[in-house]
Asks: 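What follows is a single structure, and I will ask about it in a moment.
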Amino acid sequence: MLGNNDIARIFEEIVEIMELRGDDVFRIRAYQNAARIISGLPEPLSDIRARGGLRKISGIGEKIAAKIEEMLDTGHLRKHDELMAEFPAGVLEMMTVPGIGPRTAGTLYRELGVTSIDEMERAAREGRIHGLRGFGEKSEAEILENIARLRRRTGRIPLARAFPLAQQFVEGLKATAPVRDIEPAGSLRRMKEDIGDIDILVTSDDPAAVMAAVARLPMVREVLLTGPTKTSVITDVGLQVDVRAVEPENFGAALQYLTGSKAHNVKLRTLASRAGFKLSEYGIFRDTGERLGGRTEEEMYRPLGIAVFPPELREDRGEIELGLKGIVPEFVQVAHIRGDLHVHTDWSDGRATLEEIAQAAKARGYEYVGIADHSAGRGIAHGLTTERLREQMRQIRALNDTLDGITLLCAGEVDIRRDGTLDFPDDVLAELDLCIASVHSSFTLSEEEQTARVLKALDNPYVDLLGHPTGRLIGEREPISLNIRRIMEVAAERGVAMEVNSWPERLDLNDDQILLARELGVPLMINTDAHAVDHLDQIRFGVATARRGWAEPKDVLNTLPLEQFLARLRRNR
DNA sequence: GCCGTTTTCGGCCCGACTGTTTTCAGTCG
């Protein structure tokens with residue numbers, strides 16, 4: 001059975017071939033839109049179809065729904081097969097080279113019979129490209145340069161790796177150039193889970209000096225282009241960073257435009273144009289050309305009667321519609337978090353002592369912190385036996401008597417075994433303040449087996465929280481196969497919370513799943529899974545992910561004061 | 001191909017940059 005990503009990928013390939021064919025751009029956009037929507041769905045299309053929900057998805061019409069059904073039934077799509085037969089696979093790959101779009105790839109294929117990046121490189125080296133209609137010597141040289149660039153480039157990197165890099169640029173420019181405003185924009189500002197490049201926006205009395213300073217920053221490996229208002233560089237980790245200087249009166253307009261998302265901006269501009277306005281990175285204008293604003297983001301939205309949503313939520317998931325009603329809910333913030341419940345210490349595979357964690361948590365303004373070391377079943381993690389866990393609990397309770405302003409909770413991250421049983425007997429689980437149950441093994445079970453396994457763990461009355469529910473590691477390991485809606489329905493019914501794990505490679509649940517969890521009434525907890533004191537600060541990435549999933553403080557248990565928090569745990573309900 | 005409290009037909013975001021152009025096409029974000 002094809003999964004959502006397979007189906008989204010097939011639609012994307014259809015898009016690429018239709019572009020090569022020069023098909024109607026709006027029809028192409030419909031497929032592109034469908035691919036984007038499908039890759040963001042938290043549930044398998046097969047489940048959505050089973051309850052008759054396919055056509056209810058905005059952007060999926062009669063034709064595309066029928067194609068989805070065909071793929072679910074037969075495992076492929078005739079239209080896709082036919083289109084793919086029209087071009088060799090390598091022609092699609094050619095379009096991954098920067099600057100090579102469908103027109104160029106199509107021309108090179110038709111005129112020169114070029115069918116891969118390697119062949120394209122050879123054609124350029126042999127000088128066979130310049131002279132073609134629309135191609136000169138510069139185009140030919142540019143193609144070679146861009147192929148080399150593609151081969152040097154890294155792909156997308158996790159948010160938590162890109163974030164400090166952006167900070168370094170901001171700090172570096174503040175220290176070495178006359179910047180006034182400086183703000184990262186793009187997907188980093190939206191706190192998307194992975195980042196393809198970094199956009200930084202500045203204003204300055206001397207933009208040229210800023211551009212020159214960018215090229216001199218120590219983490220810059222290569223300067224791609226530098227002009228009076230824009231400089232593009234590749235950093236030592238292979239990530240592209242663009243720095244743009246704009247006029248102060250356009251800062252808000254440029255920030256809004258560069259932050260996106262694309263889908264958010266398209267929706268916004270469509271709406272604006274119907275109401276007689278025009279939006280661009282230079283401001284908001286009436287049809288008459290009169291400029292209404294652009295110094296701040298707020299000035300861009302106000303004339304449209306749309307409330308400003310935080311960047312994390314600008315994904316065209318209903319924020320514009322709600323903003324039109326003037327409603328912006330209060331979304332969860334780091335300052336709302338009163339305790340981190342998933343922290344490892346040197347009792348298992350962490351580095352810090354109990355005391356160090358207590359002090360670090362207190363320093364971050366927390367009321368409580370959950371010590372959640374691994375159970376013994378996970379040999380590699382130096383897990384706790386029943387005896388050591390009981391000894392740790394004794395020490396934690398003793399330590400609490402000496403602590404002021406912070407309470408350590410005996411948590412415990414217990415393995416969910418392959419058969420769904422837990423790694424500690426129930427009488428031990430009962431002694432904990434809080435039990436996190438997590439999958440750390442047998443990642444490749446079928447959806448049916450994996451779902452049954454996790455549901456069995458949720459049967460245990462002492463399980464309060466499902467830790468990193470899907471087990472995915474961004475860029476390294478796929479999520480386990482789960483009927484996530486089924487798991488969430490059961491969790492909601494029993495009052496089991498689901499984790500938003502802040503670990504940079506996890507961010508698990510992800511934003512789309514958090515949206516579903518809220519819809520189904522599943523309580524959330526945002527935790528770091530810290531293995532050292534510094535990791536406690538990664539909470540910001542979990543909080544950002546929760547915000548992307550529209551989580552409000554009331555959805556997140558660890559925004560509650562200690563007594564109320566404990567009362568909401570499944571075991572105490 | 002999708003969508004609709006201004007439309008079931010006629011729209012569908014906007015601008016910069018680049019190289020090839022003699023007024024524009026292609027790509028990108």
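Everything quoted here is computed from the prediction, not taken from an experiment. Residue numbers begin at 1 in each chain, while the letters A, B, ... track the order of the sequences.
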Asks: Describe the nucleic acid contact of A:Glu142 in one word from base, sugar-phosphate, nothing, applying a heavy-atom distance below 4.0 Å.
Replies: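 Contact class for A:Glu142: none.
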Asks: With DNA chain B as reference, determine whether A:Lys138 or A:Met95 sits nearer its 5' end, using the nearest nucleotide of each.
Replies: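 Checking each residue's closest nucleotide, the 5'-ward one belongs to A:Lys138.
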Asks: Considering only the C1' atoms, how many Å lie between B:dT7 and B:dG11, rounded to the nearest integer?
Replies: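 Roughly 9 Å separates the two C1' atoms.
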Asks: Quick one: do A:Arg548 and A:Glu193 make a salt bridge, cutoff under 4.0 Å?
Replies: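 Salt bridge flag = no for A:Glu193 with A:Arg548.
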Asks: Using atom P of each nucleotide, how far apart are B:dG15 and B:dG10 to the nearest Å?
Replies: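 My reading of the P atoms in B:dG15 and B:dG10 gives 26 Å.
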Asks: Choose from B:dG26, B:dA16, B:dG1 the nucleotide whose nearest atom is closest to any side-chain atom of A:Glu281.
Replies: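 Given the options B:dG26, B:dA16, B:dG1, the side chain of A:Glu281 is closest to B:dA16.
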Asks: Using a heavy-atom cut-off of under 4.0 Å over every strand shown, decide if A:Ile100 touches base, sugar-phosphate, or nothing.
Replies: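 Sugar-phosphate, no base atom in range.
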Asks: Could you give the CD1-to-P distance, from A:Ile64 to B:dC3, as a whole number of Å?
Replies: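 Taking CD1 of A:Ile64 and P of B:dC3, I get 9 Å after rounding.
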Asks: Considering heavy-atom distances to DNA chain B, does A:Leu225 or A:Asp197 have its closest nucleotide positioned more toward the 5' end?
Replies: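 Result of the comparison: A:Leu225.
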Asks: For atom P, what is the distance between B:dC13 and B:dC17, given to the nearest Å?
Replies: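 To the nearest whole Å, 22 Å.
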Asks: Give the ring-plane orientation class for A:Phe331 versus A:Trp550, where under 30° counts as parallel, over 60° as perpendicular and anything between as tilted.
Replies: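 Taking A:Trp550 first and then A:Phe331, their aromatic rings stand perpendicular (interplane angle over 60°).
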Asks: For the P atoms, the ones on B:dG26 and on B:dT20, what distance do you get once it is rounded to whole angstrom?
Replies: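 Those two atoms are separated by 14 Å.
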Asks: OP1 or OP2 of B:dT27 versus the side-chain N and O atoms of A:Thr104: is any pair under 4.0 Å?
Replies: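 Affirmative; the distance criterion is met.
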Asks: Rounded off to whole Å, could you give me the CD1-to-P distance for the A:Ile28 and B:dG26 pair?
Replies: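 Spelled out: CD1 on A:Ile28 to P on B:dG26 is 13 Å.
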Asks: Could you tell me how far B:dT22 sits from B:dC12 if I compare only their C1' atoms? Round to whole Å.
Replies: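 These two C1' atoms come out 32 Å apart once rounded.
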Asks: A:Asp24 side chain: which of B:dG1, B:dC3, B:dC13 is closest?
Replies: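 Shortest atom-to-atom distance from the side chain points to B:dG1.
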Asks: Tell me the interatomic distance from A:Leu224, atom CG, to B:dC17, atom C1', rounded to whole angstroms.
Replies: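 So the two atoms are 15 Å apart, to the nearest Å.
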Asks: With a cut-off of less than 4.0 Å, is there a side-chain N or O of A:Thr270 near OP1 or OP2 of B:dC13?
Replies: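 True: A:Thr270 side-chain N/O within range (under 4.0 Å) of B:dC13 OP1/OP2.
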Asks: Can you check side-chain contact (heavy atoms from CB on, under 4.5 Å) on A:Leu304 and A:Leu271, steps first, answer last?
Replies: CA-CA 8 Å; A:Leu304 304 170; A:Leu271 219 71; over 6 Å; no
Asks: Is the distance from OP1 or OP2 of B:dG29 to the nearest side-chain N or O of A:Lys262 less than 4.0 Å?
Replies: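 Result: no.
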Asks: I want to verify a distance call: between B:dG19, B:dC3, B:dC14, whose nearest atom is closest to the A:Ser139 side chain?
Replies: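 Looking only at heavy atoms from C-beta outward on A:Ser139, the closest nucleotide is B:dG19.
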Asks: Taking only side-chain nitrogens and oxygens of A:Ser280, does any of them come within less than 4.0 Å of OP1 or OP2 of B:dC13?
Replies: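 Answer no for this pair, as no side-chain N or O of A:Ser280 is under 4.0 Å from OP1 or OP2.
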Asks: Between B:dG15 atom P and A:Leu258 atom CG, what is the distance in whole Å?
Replies: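 In whole Å, B:dG15 P lies 14 Å from A:Leu258 CG.
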Asks: State whether A:Arg190 and A:Glu319 are salt-bridged, where the test is any N-O pair (Lys NZ or Arg NE/NH1/NH2 against Asp/Glu carboxylate O) under 4.0 Å.
Replies: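 Looking at A:Glu319 together with A:Arg190, the answer is no, because their closest N to O distance does not fall below 4.0 Å.
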Asks: When the distance from CZ of A:Arg244 to P of B:dC17 is rounded to whole Å, what number comes out?
Replies: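 Atom CZ in A:Arg244 sits about 9 Å away from atom P in B:dC17.
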Asks: What is the distance, to the nearest angstrom, from the CG atom on A:Leu108 to the P atom on B:dT27?
Replies: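 That distance rounds to 10 Å.
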Asks: Would one find a side-chain N or O of A:Arg269 under 4.0 angstrom from OP1 or OP2 of B:dC13?
Replies: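 False: A:Arg269 side-chain N/O out of range (4.0 Å or more) of B:dC13 OP1/OP2.
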Asks: Could you work out the separation of B:dG1 and B:dT5 based on their P atoms and round it to a whole Å?
Replies: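 Between the two P atoms, the distance is 23 Å.
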Asks: Between A:Lys267 and B:dC12, does any side-chain N or O lie under 4.0 Å from OP1 or OP2?
Replies: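 No, no such contact exists.
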Asks: Just name whichever nucleotide pairs with B:dT8, Watson-Crick or G-U, keeping both distances under 3.5 Å, else none.
Replies: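 Base-paired to nothing in any strand shown.
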Asks: Between A:Asp511 and A:Thr545, is the side-chain hydrogen bond (donor to acceptor under 3.5 Å, both in side chains) condition met? List the steps.
Replies: CA-CA 6 Å; A:Asp511 47 4; A:Thr545 303; over 6 Å; no
Asks: Below the 4.0 Å mark, does B:dG29 have OP1 or OP2 next to a side-chain nitrogen or oxygen of A:Lys230?
Replies: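 No, because none of the side-chain N or O atoms of A:Lys230 sits under 4.0 Å from OP1 or OP2 of B:dG29.
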Asks: Would B:dT20 be called syn or anti, given that syn covers angles within 90° of 0?
Replies: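 Glycosidic conformation of B:dT20: anti.
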Asks: Rounded to whole angstroms, how far apart are CD1 on A:Ile68 and P on B:dC2?
Replies: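 Distance, rounded to whole Å: 10 Å.
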Asks: Choosing from B:dC2, B:dG15, B:dC12, which nucleotide comes nearest the side chain of A:Lys63?
Replies: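 Selected nucleotide (nearest to the side chain): B:dC2.
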Asks: Can you tell me whether the side chain of A:Tyr282 and the base of B:dG15 have a donor-acceptor pair closer than 3.5 Å?
Replies: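 Not at all, since no donor on one side and acceptor on the other fall under 3.5 Å apart.
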Asks: Check this for me: does any side-chain nitrogen of one of A:Arg49 and A:Asp73 sit under 4.0 Å from a carboxylate oxygen of the other?
Replies: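 So A:Arg49 pairs with A:Asp73 through a salt bridge.
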Asks: With a 4.0 Å cutoff (strictly under), does any side-chain N or O of A:Arg274 reach OP1 or OP2 of B:dT7?
Replies: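 Checking A:Arg274 against B:dT7: no side-chain N or O falls below 4.0 Å of OP1 or OP2.
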Asks: Categorize A:Glu19 for me: base, sugar-phosphate, or nothing, with a 4.0 angstrom heavy-atom threshold over every strand shown.
Replies: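 Since no nucleic acid heavy atom lies under 4.0 Å of A:Glu19, the category is nothing.
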Asks: Could you check whether A:Asn4 and A:Glu43, counting side-chain N and O atoms only, form a donor-acceptor pair closer than 3.5 Å?
Replies: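 Side chains of A:Glu43 and A:Asn4: no pair found under 3.5 Å.
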Asks: Mind calculating the distance between CG (A:Asp316) and P (B:dC3) to the nearest angstrom?
Replies: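 So the two atoms are 12 Å apart, to the nearest Å.
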Asks: Does A:Arg149 have more than 12 heavy atoms from other residues, nucleotides or ligands lying within 6.0 Å of its CZ?
Replies: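 Buried by this count: over 12 neighbours within 6.0 Å.
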